[in-house]
Amino acid sequence: MDKTYQPEQIESRWYERWEADNRFAPSGEGEPFSIMIPPPNVTGSLHMGHAFQDTIMDTLTRWRRMQGRNSLWQVGTDHAGIATQMLVERKVAAEEGKSRHDLGREAFIDKVWEWKHESGGHITRQLRRMGASVDWSRERFTMDDGFYQAVQEVFVRLYEEDLVYRGKRLVNWDPTLHTAISDLEVENRDQQGQFWHFRYPLADGVTTEAGEDHLVVATTRPETLLGDSAVAVNPEDPRYASLVGKFVELPLVGRRIPVVADEHADMDKGSGCVKITPAHDFNDYEVGKRCGLPLINVFSKDASVLERAEAFDLQGRPLADVDPSLPAAYAGLGRFEARARIVADMEAAGLLAQVETVSNTLPYGDRSGDVIEPLLTDQWFVAVEELAKPAIAAVENGDIEFVPRNYENMYFAWMRDLQDWCISRQLWWGHRIPAWYDAEGNVYVARTAEEARAKHGLADDLALTQDEDVLDTWFSSGLWTFGTLGWPEPTEALKTFHPSSVLVTGFDIIFFWVARMIMLTLKFTGEVPFKQVYVHGLVRDGQGHKMSKSKGNVLDPIDLIDGIDLDSLVEKRTGNMMQPQKAKAIAKATRGEFPEGIEPHGTDALRYTFLSQATTGRDIKFDMGRLDGYRNFCNKLWNASRYVLMNAEGQDCGASLDGQSGEVELSLADRWIVSRLQQTEAQVTRALEDYRFDHASQALYDFVWNEYCDWYLELSKPVLWDDAASEAAKRGTRRTLVRVLEAVLRLAHPMMPYITEEIWQRVAPLAGVAGESVMTQPWPVADEGRIDETATHDIEWLKGVIVAVRNIRAEMNIAPGKPLEVLLTKGSEADRERLAANRLFLSRLAKLERIYWLEAPDQAPLSATQLVGDMEVLVPMAGLIDKDAELARLAKEIDKQDKLIGGIEKKLGNESFVAKAPEAVVQKERDKLSDFAATRRVLVEQRDKIASL
RNA sequence: AGGACCAUAGCUCAGUUGGUUAGAGCGCCACGUUGACAUCGUGGAGGUCGGCGGUUCAAAUCCGCCUGGUCCUACCA
């Protein structure tokens, strides 16, 4: 083995090997375990969130696989309608100078497929770098043929049950992308805005109670005035009661619109009158419904003003009795330009009463960044009410369990207040809606045009045109858990792996995806999609800020693995920016944070970092320090393995594959480390069962570094290297070294797959273990029978003596390597026996010249003293020790004991404590008190002795 | 406005059903390299557990209020 751990040399090699050997496919045996990967966007590249999530899923999958479960990690990518279409549009524009409309629908779709074939493999290659043990042979895409079938099937069946319907409704319209988007894709941002108060003249000479000939309404959107169809007042409002049923004359337009009574009008706000524009505001739409008002649309798909308004009734039928004329001056103006002109014209007409500056929130499209316009359009919807009921019940009755639990509340809150889901998108890339229209506009929904004709008895020569729209991406990804397994066919895979065991996902897509999967899956399979949902937080930068290109704080997981030099990192963060003016500051911050660039750390270290930070229900601040630390941990494991191999290879380890071995004798240290291994195995397993990856990684780290390396390897040296040790003992220690390491590698494998495989290949044969890969070895199961309390206590004693000596050395400024004479005294018979049994270990680890039992404590030479239990560890001071330093040290120690004693005496002095606390607790305090008191006595004795010199 | 979550060492975080001398890693200080490892070893310093109040024999842990932070939902004519 190389002297230093170099991950880049082992990682790609092992992944290719595993994949070639088909190690990721389900074994076909054992209880099924399955995870469906949240399909990443096919256009995307792997970000920290993916890397984190993939690490968790891979750890779970590898662990369950080793436990003998028939494990499937289903992989695939999402076609991601808007994102992909935008990306290819930009590419075509840049390369050919054409828009998608120049190309036409078919040619453009071809371009997208072409692009997908060219570049769609980027993210899956990155997934391989993370070590993801997904079954590539089952890779799926949300627009592959199978998904096409599934999507058609679901849509048609929902339609047949009236759970999908089409209608003219007010939707969130993106004027840049020219498509509807769902509520979830709208991002509300706080803004400073203006609030204009307008006078609307009352018609027919009517006046208010106060004698005014007009009403005052206020708006942040003056341009919607053109589409007003009423002014509402509160039914309880005495100021305007007489006006209900009367009319106002809409300024600039001249249309007569009624004054209506509706509780939407708030008497305490402004004048108490509110303009109602049902076609351009969601609240007003509701008022329109309640009051039977016409819907007057005044905007085109670009959100510019129409020449003539379009009026509809609530069913979306054109209304002939509304005068559609609009002032010619505004025709074709964009909404913001129209706003300015309308305000100016109102002011010129003396109808602008007041302008206020207010803070409000505006809806933005999360893809385009444009302000969303509520617009009346024909769209397809899923009626969610019926679907939501069983979906809520499934979580309530525990069929689906959220981890951590509190996300269930978030889920319930959202599910109980669900709006119908607008599923049509005016895009080209996606699943085209399986609906056909004849010349009269009759709609026929079927899986194919042929089926539509057959079903509805249509003539073969009747011209049918398919709906131009595609389905929301989340509609198809909502079928992910069963669609990937072959549904609607009743496949073996579906029977075996559905419902999936656990969904690993971020809280940010609980609404987008998780909730909809639950609804659709229950509807079509009668099963839940997954039994558990493990919800993790967002990966943020070291300061807790969201990583984003515009902030220039993005870390690329691949850069953490391979390393990146500073200039490349700066270039990556500042190149191709939307706001180039920020580049300088970002470059400076980057150079400050990473003066040397980023070193290579390897996949295993990155994975370990994620796991150690994967604590329940909170975002993680990615900590570069930990990444370094876990890279060092890999290095530690690597070097410990080198030591083991150096001492075991070519030697009789008492367990070689050929079964030939001499007699074996286990030392105290051997029994102890085996015992501790059992406990660690139990701890790690328990932690993984509880999704406490932080605890799992911590337990393993502690065992490997603080026990196996720091103590056990050191304790093995005297046995292996000292002639005094027997051959049987040497054999026993070699066997333990090798077997414990082999088990550790299995235990660590799900978390750090590469390094464990690399080392395991060399160690397994020495441990008498046959097999081609650690991946398919059994998961270590703790054997309670090998937990050895005596050995643990003895080792604790041994460590205590060694640490006591080291402590004295450090405090007394005695060179670490200087051989010392040490006396033990005042202890029990057990202590005396322990000394006899462990003389070799003690001498070696504490670097002693001589250690012996002092029978008569009162004859002790002047010494520095430490206590191990009741026993005193003495390092004679002659010529060694600084008297003042020792006195100072003792004073500090005595002070510490005094504080402890004081605390306990106070407790025990409290009568109600003694009376009410459980006897065991009280006894524990008494025991502690006598321990501390004894320690104090020894320290004081020692102090007096030294002071008297 | 409603709700959720968070606040523990300089930093990033653990802390099971209340009883621990409140822990880890990084960072810091001192010392140390002939035989696994300086991506290291040994020893050490560092915390009134955000604040106030309550329950209890006992609170980092349970309850209430407050402060600060993050996020979600809603509203803003």
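Quick note: numbers below take in every heavy atom, side chains included, and nothing from hydrogens, waters or symmetry partners. The model shown is predicted, which means the values in this text are computed figures rather than measured ones.
Separation of the P atoms belonging to B:G10 and B:C71 is 25 Å when rounded to the nearest angstrom. Separation of the P atoms belonging to B:A22 and B:A59 is 14 Å when rounded to the nearest angstrom. Between B:U67 and B:C28, the distance separating the two P atoms is 39 Å to the nearest Å. For B:G53 and B:U12, the P atoms lie 29 Å apart once the distance is rounded to whole Å. The same atom, P, is picked in B:C66 and in B:U73; the two are 25 Å apart, to the nearest Å. Taking atom C1' in both B:A14 and B:G25, the straight-line distance is 11 Å, to the nearest Å. B:G50 and B:U70: their C1' atoms are spaced 16 Å apart (whole Å). B:C49 and B:C5 have their P atoms separated by 23 Å, given to the nearest Å.
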message: Could you go through A:F622 and A:F52, starting from their C-alpha distance and side-chain angles, then the distance that decides it, and tell me whether this counts as side chain to side chain contact (heavy atoms under 4.5 Å, CB included)?
response: CA-CA 10 Å; A:F622 188 81; A:F52 176 47; over 6 Å; no

task: For the pair A:Y630 and A:Y701, evaluate ring pair (Phe, Tyr, Trp, His ring centres under 6.0 Å) and give the outcome as yes or no after the intermediate values.
output: CA-CA 9 Å; A:Y630 294 123; A:Y701 183 101; 5.7 Å; yes

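Residue order along RNA chain B, read from the 5' end via each residue's closest nucleotide, puts A:T4 first among A:T4 and A:T219. Residue A:G625 is the one, among A:K892 and A:G625, whose nearest nucleotide of RNA chain B lies closer to the 5' end (criterion: closest heavy atom).
An OP1 or OP2 oxygen of B:C40 is reached within less than 4.0 angstrom by no side-chain nitrogen or oxygen of A:N635. Phosphate contact (OP1/OP2 of B:G44, side-chain N/O of A:N807, threshold under 4.0 Å): present.
In this entry the distance linking CZ of A:R809 with C1' of B:G41 reads 14 Å, nearest Å. Atom P of nucleotide B:C40 and atom OH of A:Y630 are separated by 14 Å, given to the nearest angstrom. Whole-Å rounding puts the A:D508 CG to B:U73 P distance at 11 Å. Rounded to whole Å, atom P of B:U16 lies 15 Å from atom CD of A:Q698. Rounded to whole Å, atom C1' of B:C40 lies 14 Å from atom CG of A:N706. Rounded to whole Å, atom C1' of B:G2 lies 19 Å from atom CZ of A:F412. Rounded to whole Å, the distance from OH on A:Y608 to C1' on B:C26 is 16 Å. Straight-line distance from the CD atom of A:Q419 to the P atom of B:U73: 13 Å, rounded to whole Å.
Proximity of a side-chain donor or acceptor of A:T277 to a complementary backbone N or O of A:A279 within less than 3.5 Å is not detected. Panel note: side chain A:R734, backbone A:A648; no donor-acceptor pair is recorded below 3.5 Å. Of the possible donor and acceptor atoms, none in the side chain of A:K906 sits under 3.5 Å from a partner among the backbone N and O of A:I901.
The side-chain hydrogen bond (donor to acceptor under 3.5 Å, both in side chains) check on A:T865 picks up A:Q942, with sequence neighbours excluded. Residues satisfying the ring-ring contact (aromatic ring centres under 6.0 Å, His included) test with A:Y5, not counting sequence neighbours, are A:W638. Residues that satisfy the side-chain hydrogen bond (donor to acceptor under 3.5 Å, both in side chains) test with A:Y754, not counting sequence neighbours, are absent from this structure. With sequence neighbours excluded, the residues that form a salt bridge (charged side-chain N to carboxylate O under 4.0 Å, His left out) with A:D895 are A:K899. A search for ring-ring contact (aromatic ring centres under 6.0 Å, His included) contacts involving A:W721 returns nothing, not counting sequence neighbours. Listed by chain and number, the residues in a side-chain hydrogen bond (donor to acceptor under 3.5 Å, both in side chains) with A:Y534 amount to none (sequence neighbours excluded). Residues satisfying the side chain to side chain contact (heavy atoms under 4.5 Å, CB included) test with A:M646, not counting sequence neighbours, are none. Checked against side-chain hydrogen bond (donor to acceptor under 3.5 Å, both in side chains), A:E356 has the following partners two or more places apart in sequence or in another chain: A:H197.
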- prompt: When every nucleotide of nucleotides 3-15 of chain B is labelled 5' to 3' by its protein contacts under 4.0 Å (heavy atoms), B for base, S for sugar-phosphate only, - for none, what sequence of letters results?
  reply: -SSSS----BSSS

statement: Quick tally for nucleotides 31-36 of chain B: nucleotides whose base has a protein heavy atom under 4.0 Å get B, sugar-phosphate-only ones S, the rest -, giving S---BB

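A donor N or O paired with an acceptor N or O is not found under 3.5 Å between the base of B:U42 and the side-chain atoms of A:R806.
Checking B:G43, B:G41, B:C57 against the side-chain heavy atoms of A:W705 singles out B:G41 as nearest.
Checking each of A:V233, A:N283, A:N234 against A:H264 for a side-chain contact (heavy atoms from CB on, under 4.5 Å) leaves exactly one that passes, namely A:N283.
Atom NZ of A:K896 sits in a sparse spot, with 12 or fewer heavy atoms from other residues, nucleotides or ligands closer than 6.0 Å.
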- prompt: How would RNA chain B look in dot-bracket form, 5' to 3', counting Watson-Crick and G-U wobble pairs with both distances under 3.5 Å and writing | for bases paired to another strand?
  reply: (((((((..((((.....[...)))).(((((.......))))).....(((((..]....))))))))))))....

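When heavy atoms are screened at a 4.0 angstrom cut-off, A:D266 is found touching base atoms of the nucleic acid. Nucleic acid contact for A:R405: none, since no nucleic acid atom lies under 4.0 Å from a heavy atom of the residue.
Using a 4.0 Å cut-off between charged side-chain N and carboxylate O, A:R936 and A:E893 make no salt bridge.
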Distances under 3.5 Å between nitrogen or oxygen atoms of protein and nucleotides 17-21 of chain B:
| unit_1 | atom_1 | unit_2 | atom_2 | d |
| --- | --- | --- | --- | --- |
| B:U20 | OP1 | A:K907 | NZ | 3.2 |
| B:U21 | OP1 | A:K928 | NZ | 2.9 |
| B:U21 | OP2 | A:K928 | NZ | 2.4 |

